[in-house]
A.B. asks: 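Quick one: the structure is below, questions incoming.
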Amino acid sequence: MIRLLMHFATLLAALIAAWQPSKAQAADEDVQLWQFVFLTGDLDKDTRLTVDATQRWREEARGDEQQTIRFTIEQTVAEGVRIGGGAAVFDAGGMTEIRPHQQMVLIERRFEFRTRFEQRFFDGADRVELRLRQRVQYNQPLGDGWRASVGGEWLGLLQGRNDGEGASTEQWRAQAGVAYRINNRLEVGANYWLLAFPRGDRPTRYSHVPQTTLSYRF
């Protein structure tokens with residue numbers, strides 16, 4: 001099953017690469033490949049820890065290959081309501097970003113809504129960058145251990161990392177994927193994300209991102 005999902009992600013990446021229109025040559029579009037690993041466990045009956053790591057293959061013009069690791073601790077405060085926070089380290093092209101975050105997650109049946117506030121510390125930046133993220137996701141069971149998901153996310157800058165940079169929309173994300181639960185602890189999946197980066201009067205830049213995921217509950 002893992003091999004099937006890897007073949008799916010590889011085929012998706014190949015199809016996207018073949019589809020690239022001529023304007024991709026003008027650096028308005030690119031294709032990336034991300035691999036995710038998630039480790040999740042309960043610290044007590046209402047508290048859980050999630051650690052995630054990624055390897056992101058990107059062109060040098062998109063910041064070069066990137067490695068990330070992040071932890072998040074969440075507390076269930078009411079039915080369908082979790083609050084928490086954590087921090088992450090992002091490394092790409094010899095540059096490091098430290099990113100604390102705080103978040104709230106609301107679950108209503110098959111819908112999941114997440115609000116995340118991030119403080120981003122970059123090497124050589126004038127100041128901390130503040131970013132707000134709003135995500136909605138819908139999960140649909142398919143039977144026999146399978147599920148599908150679709151969602152979208154808005155990422156907005158409240159304060160840029162450089163002096164004089166104010167609030168703006170940094171990017172939009174659309175996502176679709178499938179996952180297969182092998183047992184009570186292990187799940188594998190494949191996703192496709194479309195990232196859109198508004199650039200004012202210039203054409204919006206797009207990134208096509210096939211992904212593979214591995215989730216383990218300890």
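One-based numbering along the sequence shown.
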A.B. asks: To the nearest 0.5 Å, how far apart are CZ in R114 and CE in M104?
C.D. replies: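 Rounded to the nearest 0.5 Å, the CZ-CE separation comes to 12.5 Å.
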
A.B. asks: Looking at CG of L158 and CD of E170, how far apart are the two atoms once the value is rounded to the nearest 0.5 Å?
C.D. replies: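 The CD atom of E170 is 11.0 Å from CG of L158, to the nearest 0.5 Å.
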
A.B. asks: In plain terms, say whether E153 and R135 are close enough for a salt bridge, that is, a side-chain N and a carboxylate O under 4.0 Å apart.
C.D. replies: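 Salt bridge flag = no for R135 with E153.
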
A.B. asks: What orientation do W34 and F36 show, parallel under 30°, tilted 30 to 60°, or perpendicular over 60°?
C.D. replies: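 If you compare the ring of W34 with that of F36, the planes turn out tilted.
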
A.B. asks: Going by an N to O cut-off under 4.0 Å, is there a salt bridge joining D42 and R217?
C.D. replies: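 Counted as a salt bridge, because a side-chain N and a carboxylate O are separated by less than 4.0 Å.
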
A.B. asks: Output yes when a side-chain donor or acceptor of Q159 lies under 3.5 Å from a complementary backbone atom of V128, and no otherwise.
C.D. replies: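 Here the side-chain-to-backbone pair exists.
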
A.B. asks: Under 4.5 Å between side-chain heavy atoms, counting indirect links through other Ile/Leu/Val/Met/Phe/Trp/Tyr residues: same cluster for V81 and V136 or not?
C.D. replies: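 Same hydrophobic cluster.
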
A.B. asks: Looking at R131, R120, R161, which one forms a salt bridge (charged side-chain N to carboxylate O under 4.0 Å, His left out) with E97?
C.D. replies: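 Output: one option passes, namely R120.
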
A.B. asks: List the steps and the verdict of side chain to side chain contact (heavy atoms under 4.5 Å, CB included) for E187 and R147.
C.D. replies: CA-CA 10 Å; E187 182 180 86; R147 67 176 175 86; 2.9 Å; yes

A.B. asks: Taking atom CD of Q134 and atom CZ of R116, what is their separation to the nearest 0.5 Å?
C.D. replies: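 Here the rounded value is 12.0 Å.
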
A.B. asks: Judged by atom type as modelled, is there a donor-acceptor pair below 3.5 Å linking the side chain of D44 to the main-chain atoms of T47?
C.D. replies: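 Checking the backbone N and O of T47 against the side chain of D44, a donor-acceptor pair under 3.5 Å is found.
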
A.B. asks: Do L132 and T115 touch side chain to side chain, with heavy atoms closer than 4.5 Å?
C.D. replies: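 Sidechains of T115 and L132: in contact.
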
A.B. asks: How far apart are the closest heavy atoms of A196 and T204, and which atoms are they?
C.D. replies: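 Heavy atoms of A196 and T204 come nearest at CB-CG2, 4.1 Å.
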
A.B. asks: Using the rule that two of Ile, Leu, Val, Met, Phe, Trp, Tyr join whenever any of their side-chain heavy atoms come within less than 4.5 Å, decide whether F122 and L130 are in one cluster.
C.D. replies: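 Different clusters: F122 never reaches L130 through Ile, Leu, Val, Met, Phe, Trp or Tyr contacts under 4.5 Å.
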
A.B. asks: Does any non-hydrogen side-chain atom of V89 lie less than 4.5 Å from one of I98?
C.D. replies: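 Yes - at least one pair of side-chain heavy atoms lies under 4.5 Å apart.
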
A.B. asks: Does the side chain to side chain contact (heavy atoms under 4.5 Å, CB included) test come out yes or no for H101 and R133, once each step is laid out?
C.D. replies: CA-CA 10 Å; H101 69 275; R133 301 174 58 166; over 6 Å; no

A.B. asks: Any side-chain heavy atom of S215 within less than 4.5 Å of one from R181?
C.D. replies: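 S215 does not reach R181 side chain to side chain.
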
A.B. asks: On a heavy-atom basis, which atom in Q171 and which in F197 lie closest, and how many Å separate them?
C.D. replies: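 Minimum heavy-atom separation between Q171 and F197: NE2-CE2, 3.6 Å.
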
A.B. asks: Quick one: are S207 and W193 in side-chain contact, heavy atoms under 4.5 Å?
C.D. replies: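 No, side chains not in contact.
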
A.B. asks: With rounding to the nearest 0.5 angstrom, report the OG1 to CD distance, T96 to Q67.
C.D. replies: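 The OG1 atom of T96 sits 10.0 Å away from the CD atom of Q67.
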
A.B. asks: Establish whether F90 and V51 are linked, either directly or via other cluster members, by ILVMFWY side-chain heavy-atom contacts under 4.5 Å.
C.D. replies: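 Per the 4.5 Å side-chain linkage, F90 and V51 are not co-clustered.
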
A.B. asks: Assess the side chains of R173 and Q175: does a donor N or O sit below 3.5 Å from an acceptor N or O?
C.D. replies: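 Short answer, no.
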
A.B. asks: Contact between R58 and D30 at the side-chain level, heavy atoms closer than 4.5 Å - yes or no?
C.D. replies: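 No, side chains not in contact.
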
A.B. asks: Answer yes or no: is there a donor N or O on one side and an acceptor on the other, between the side chain of T213 and the main chain of G189, under 3.5 Å?
C.D. replies: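 Here the side-chain-to-backbone pair exists.
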
A.B. asks: Check V150 against A176 and note the closest heavy-atom contact, atom names and distance.
C.D. replies: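 Closest pair (atom of V150, atom of A176, distance): CG1-CB, 4.1 Å.
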
A.B. asks: Is the CG atom of D123 crowded by more than 12 outside heavy atoms at less than 6.0 Å?
C.D. replies: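 Enclosed.
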
A.B. asks: Testing the basics here: between N139 and S149, what is the closest heavy-atom pair and its distance to 0.1 Å?
C.D. replies: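 Reported closest heavy-atom pair: OD1-CB, 3.4 Å.
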
A.B. asks: Report yes if some heavy atom in the side chain of F111 is under 4.5 Å from a heavy atom in the side chain of L106; otherwise report no.
C.D. replies: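 No, their side chains stay 4.5 Å or more apart.
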
A.B. asks: Decide if atom CG of N184 counts as having more than 12 heavy atoms of other residues, nucleotides or ligands within a radius under 6.0 Å.
C.D. replies: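 Check fails, neighbour count at 12 or below.
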
A.B. asks: Establish, from distance only, whether the side-chain atoms of E74 and Q103 form a donor-acceptor pair under 3.5 Å.
C.D. replies: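 Yes, Q103 and E74 have a side-chain donor paired with an acceptor closer than 3.5 Å.
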
A.B. asks: Measure across R62 and E29 and return the closest heavy-atom pair with its distance rounded to 0.1 Å.
C.D. replies: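 That closest heavy-atom pairing would be NH2-O, 4.0 Å.
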
A.B. asks: Please tell me whether V77 and I73 are part of a single hydrophobic cluster in this structure, the criterion being side-chain heavy atoms less than 4.5 Å apart.
C.D. replies: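 V77 does not cluster with I73.
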
A.B. asks: Measure the shortest side-chain to side-chain distance between Y216 and V37 over non-hydrogen atoms and say whether it is less than 4.5 angstrom.
C.D. replies: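 When only atoms from C-beta onward are counted, V37 and Y216 do not touch, as no gap falls below 4.5 Å.
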
A.B. asks: I want to check something: taking the side chain as every heavy atom from C-beta on, are Q102 and Q119 in contact at a cut-off of under 4.5 Å?
C.D. replies: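 Yes, side chains in contact.
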
A.B. asks: With a 3.5 Å cut-off and no angle check, do the side chains of T50 and T72 form a donor-acceptor pair?
C.D. replies: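 Side chains of T50 and T72: no pair found under 3.5 Å.
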
A.B. asks: Would you say L157 and F121 are hydrophobically clustered, going by side-chain heavy atoms of ILVMFWY under 4.5 Å?
C.D. replies: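 No.
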
A.B. asks: Closer than 3.5 angstrom, by distance alone: can the side chain of D126 be matched with the main-chain N or O of D163 as a donor-acceptor pair?
C.D. replies: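 Here the side-chain-to-backbone pair exists.
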
A.B. asks: Please round to the nearest 0.5 Å and tell me the distance separating atom CG of L214 and atom CZ of F38.
C.D. replies: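 Spacing of CG (L214) from CZ (F38) equals 10.0 Å.
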
A.B. asks: Taking all non-hydrogen atoms of both residues into account, name the closest pair between G63 and A92 and its distance.
C.D. replies: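 Looking at all heavy atoms of both residues, the shortest contact is O-CB, 3.5 Å.
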
A.B. asks: What is the distance from atom CD of Q75 to atom CZ of R82, rounded to the nearest 0.5 Å?
C.D. replies: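 Between Q75 CD and R82 CZ, I get 11.5 Å after rounding to 0.5 Å.
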
